[in-house]
S.K.: 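The structure follows.
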Amino acid sequence: MTTNSIITNEKSPMLGEEKPLIFDASHMKNESNIPTQYIWPDDEKPCVVAQELHVPLIDLRGFFSGDPAATQQASRLVGEACRSHGFFLVVNHGVDSNLISKAHRYMDTFFDMPLSQKQKAQRKIGEHCGYASSFTGRFSSKLPWKETLSLRYTAKENSSHIVEEYFQRTLGESFNNLGNVYQEYCNSMNTLSLRIMELLGISLGVQKSHFKEFFEDNESIMRLNYYPPCLKPELTLGTGPHYDPTSLTVLHQDCVSGLQVFVDNEWYSIRPNFNAFVVNIGDTFMALSNGRYKSCLHRAVVNNTTPRKSLAFFLCPDKDKVVSPPTELVDYNNPRLYPDFTWPALHEFTQKHHRAETNTLQAFSMWLKENNI
Ligand SMILES: C=C1C[C@]23C[C@H]1CC[C@H]2[C@]1(C)CCC[C@@](C)(C(=O)O)[C@H]1[C@@H]3C(=O)O
Ligand SMILES: O=C(O)CCC(=O)C(=O)O
Ligand SMILES: [Fe+2]
């Protein structure tokens with residue numbers, strides 16, 4: 001278990017630092033002297049340019065219109081991808097391209113603001129949402145070269161304005177337009193994720209509605225990732241190697257490459273495609289599929305010229321839902337691989353006891369056993 005670089009004492013200053021480390025992108029992008037906390041160990045340093053991973057491009061149009069042959073084809077491709085590395089692309093996904101463009105434009109509006117203004121939405125230690133510049137208060141080494149704004153989303157009817165309210169509450173009424181766009185974007189991500197859950201159900205040979213119903217009242221996380229340029233991109237990482245602990249990630253990357261996936265012992269890049277979403281299986285769905293579908297190690301690299309943006313929607317089950325595979329996926333030849341758990345327990349584990357680069361699901365299962373949970 002990798003705990004050494006997590007700052008666990010909430011009041012502790014940056015370890016080994018005299019003055020607090022601040023990641024202000026407007027300065028850091030011109031800095032050729034990279035602070036040591038951002039320099040990753042040699043065996044984790046990136047190859048900034050990597051070979052391309054050819055992931056299936058799934059056209060959702062036929063599935064959406066109920067065409068049985070197109071549905072079969074889509075579910076076969078999804079199944080193949082999820083059994084090997086868990087990454088695939090979707091096109092004709094039904095999300096308005098103007099909405100996607102606006103979501104990217106408003107990221108520039110937010111991240112181009114002075115640090116002091118972004119800090120009005122500062123993510124507090126122990127909280128999951130808000131603005132974080134490089135996690136300087138959370139980790140002491142291997143810091144990521146990025147800023148993030150994380151938002152809570154829930155599909156529950158009584159919280160249908162949760163994102164809009166967050167923007168209004170933390171940044172004021174002049175940010176209502178951002179709130180509206182990200183609320184609408186999350187609603188679209190929710191709809192798309194639930195349709196993909198149907199496809200995953202079909203591809204696994206369980207009832208089409210099984211996973212869709214499981215995630216109907218999801219409590220998910222929307223994350224805006226902003227990676228400023230770095231004059232020494234070969235020394236650092238935008239997002240370190242990790243498995244998404246969540247269930248399904250629906251990611252939109254702008255036209256700047258950076259996403260890399262670890263397959264067959266090598267890092268491959270996923271070429272940006274503005275018309276597509278990159279979808280990947282997270283640890284929680286790996287457990288729900290009883291290990292049939294893979295959650296795969298991935299990371300994001302940075303470059304020395306162009307800022308990069310990505311929008312990640314992390315689908316998560318409602319807090320009380322027990323993560324347990326459907327009976328169709330468990331039998332004599334396929335015994336249970338992971339114990340029952342709830343998403344908040346796994347989430348807490350990733351925040352308090354574990355840094356994401358090692359196999360989270362295995363470490364979490366062992367931790368549950370060791371602690372008799
Ligand atoms: C539940 C979450 C925790 C992280 C954001 C979402 C899903 C993925 C997690 C993360 C991206 C994995 C890599 C490390 C991390 C710290 C990051 O770089 O952002 C993770 C997120 C987090 O803990 O905030
Ligand atoms: O920015 C990217 O392309 C990937 C980010 C990511 O993997 C994450 O936020 O979990
Ligand atoms: Fe990720």
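Quick note: residue numbers are just sequence positions, from 1. When a ligand or atom number is given, it counts from 1 through the structure's own listing order. Model, not experiment: these values are computed from the prediction.
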S.K.: Tell me: protein heavy atom nearest atom 5 (C) of ligand 2, and distance?
M.R.: Y227 OH, 3.5 Å
S.K.: Looking only at side-chain N and O atoms, does Y226 offer a donor or acceptor that is under 3.5 Å from a partner on S310?
M.R.: no
S.K.: So that I can tick it off, tell me whether K45 and E234 are bridged by a salt bridge, with the cut-off set at under 4.0 angstrom between side-chain N and carboxylate O.
M.R.: no
S.K.: Under a 3.5 Å distance rule, please check whether T109 uses its side chain to pair with a backbone N or O of R105 as donor and acceptor.
M.R.: yes
S.K.: Considering only heavy atoms of L259, which atoms of ligand 2 have at least one such atom less than 4.0 Å away?
M.R.: 3 (O), 4 (C)
S.K.: For H347, is at least one N or O under 3.5 Å away from an N or O on ligand 1?
M.R.: no
S.K.: Under 4.0 Å from atom 20 (C) of ligand 1, is there at least one protein heavy atom?
M.R.: no
S.K.: Can you list the ligand 2 atoms lying under 4.0 Å from a non-hydrogen atom of D244?
M.R.: 10 (O)
S.K.: Just jot down the ligand 1 atoms closer than 4.0 angstrom to any heavy atom of I221, in number order.
M.R.: 1 (C)
S.K.: When you measure from the heavy atoms of P144 to every atom of ligand 1, does any distance fall below 4.0 Å?
M.R.: no
S.K.: For T239, run the side chain to side chain donor-acceptor pair (under 3.5 Å) check against Q260, K146, R299 and tell me which one passes.
M.R.: K146
S.K.: In the structure I gave you, are the side-chain heavy atoms of V261 and I270 within less than 4.5 Å of one another anywhere?
M.R.: yes
S.K.: Under a 3.5 Å distance rule, please check whether N225 uses its side chain to pair with a backbone N or O of T148 as donor and acceptor.
M.R.: no
S.K.: Got a donor-acceptor contact below 3.5 angstrom from the R292 side chain to the L329 backbone?
M.R.: yes
S.K.: For atom 3 (C) of ligand 1, what's the nearest protein heavy atom and its distance?
M.R.: Q351 NE2, 3.8 Å
S.K.: Could you verify whether a donor N or O on one side chain and an acceptor N or O on the other, from T305 and N303, lie under 3.5 Å apart?
M.R.: yes
S.K.: Determine, for R169 against E165, whether the closest basic-nitrogen to carboxylate-oxygen distance falls under 4.0 angstrom.
M.R.: no
S.K.: Heavy-atom contacts under 4.0 Å between K142 and ligand 1: side chain, backbone, both, or neither?
M.R.: neither
S.K.: Below a 4.0 angstrom heavy-atom separation, can you tell me which part of R308, side chain or backbone, both or neither, approaches ligand 2?
M.R.: side chain
S.K.: Any idea which N/O/S atom from D244 gets closest to the Fe ion (ligand 3)?
M.R.: OD1
S.K.: Which residue and atom name correspond to the protein heavy atom nearest atom 8 (C) of ligand 1, and how close is it?
M.R.: P245 CD, 3.6 Å
S.K.: Out of curiosity, is Y243 lining ligand 1, as in a heavy atom under 4.0 Å away?
M.R.: no
S.K.: What protein heavy atom is closest to atom 24 (O) of ligand 1, reported as residue, atom name and distance in Å?
M.R.: R223 NH2, 2.8 Å
S.K.: Report yes or no: does T350 have a heavy atom closer than 4.0 Å to ligand 1?
M.R.: no
S.K.: Does ligand 1 have a heavy atom under 4.0 Å from the side chain of K146, from its backbone, from both, or from neither?
M.R.: side chain
S.K.: Which of the atoms in ligand 2, numbered in the order shown and given with their element, are less than 4.0 Å from a heavy-atom of F314?
M.R.: 8 (C), 9 (O), 10 (O)
S.K.: Give me the residue, atom name and distance of the protein heavy atom closest to atom 14 (C) of ligand 1.
M.R.: A356 CB, 4.3 Å
S.K.: Check this for me - ligand 1, D244, N or O atoms closer than 3.5 angstrom, yes or no?
M.R.: no
S.K.: Check each atom of ligand 2 against the heavy atoms of H298 and keep those under 4.0 Å away; list them by number with element.
M.R.: 7 (O)
S.K.: Please check: side-chain N/O of T284 versus main-chain N/O of P245, any donor-acceptor pairing under 3.5 Å?
M.R.: yes
S.K.: Taking atom types as modelled and ignoring hydrogens, do the side chains of D67 and S65 form a donor-acceptor contact shorter than 3.5 angstrom?
M.R.: no
S.K.: Look only at the side chain of S193 and the backbone of L315, and say whether a donor-acceptor pair between them is shorter than 3.5 Å.
M.R.: no
S.K.: Looking only at atom types and distance, does a side-chain atom of W145 sit under 3.5 Å from a main-chain N or O of P229, one as donor and one as acceptor?
M.R.: yes
S.K.: Below 4.0 angstrom from a heavy atom of F135, which ligand 1 atoms are there? Numbered from 1 as shown, please.
M.R.: 16 (C), 17 (C), 18 (O), 19 (O)
S.K.: Is R138 close enough to touch ligand 1? Criterion: a residue heavy atom under 4.0 Å from a ligand atom.
M.R.: yes
S.K.: How far apart are the C-alpha atoms of D244 and T246, what are their side-chain angles, what is the distance that settles it, and do they pass the side-chain hydrogen bond (donor to acceptor under 3.5 Å, both in side chains) test?
M.R.: CA-CA 5 Å; D244 289 344; T246 40; 4.8 Å; no
S.K.: Any carboxylate oxygen within less than 4.0 angstrom of a Lys/Arg side-chain nitrogen, looking at D318 and K156?
M.R.: yes
S.K.: When you compare ligand 2 with N225, is there at least one nitrogen or oxygen pair between them that comes in under 3.5 angstrom?
M.R.: yes
S.K.: Are Y185 and H252 close enough that their ring centres sit under 6.0 Å apart?
M.R.: no
S.K.: Counting distance only, does the side-chain N/O of Q183 pair as donor-acceptor with the main-chain N or O of V163 below 3.5 Å?
M.R.: yes
S.K.: Which atoms from ligand 2 have a heavy atom of H242 less than 4.0 Å away?
M.R.: 6 (C), 7 (O), 8 (C), 10 (O)
S.K.: If we set the cut-off at 4.0 Å for heavy atoms, which region of C316 has an atom near ligand 1: side chain, backbone, both, or neither?
M.R.: neither
S.K.: Hey, which atoms in ligand 1 end up nearer than 4.0 Å to a heavy atom of T239?
M.R.: 18 (O)
S.K.: With atoms numbered from 1 as shown, which atoms in ligand 2 lie under 4.0 angstrom from a non-hydrogen atom of L251?
M.R.: 3 (O)
S.K.: Using heavy atoms and a threshold below 4.0 Å, how should the contact between T249 and ligand 1 be classified: side chain, backbone, both, or neither?
M.R.: neither
S.K.: Hey, looking at atom 12 (C) of ligand 1, which of R299, H128, H242, R123 has the closest heavy atom?
M.R.: H242
S.K.: Please confirm whether S310 comes within less than 3.5 Å of ligand 2 when only nitrogen or oxygen atoms on both sides are compared.
M.R.: yes
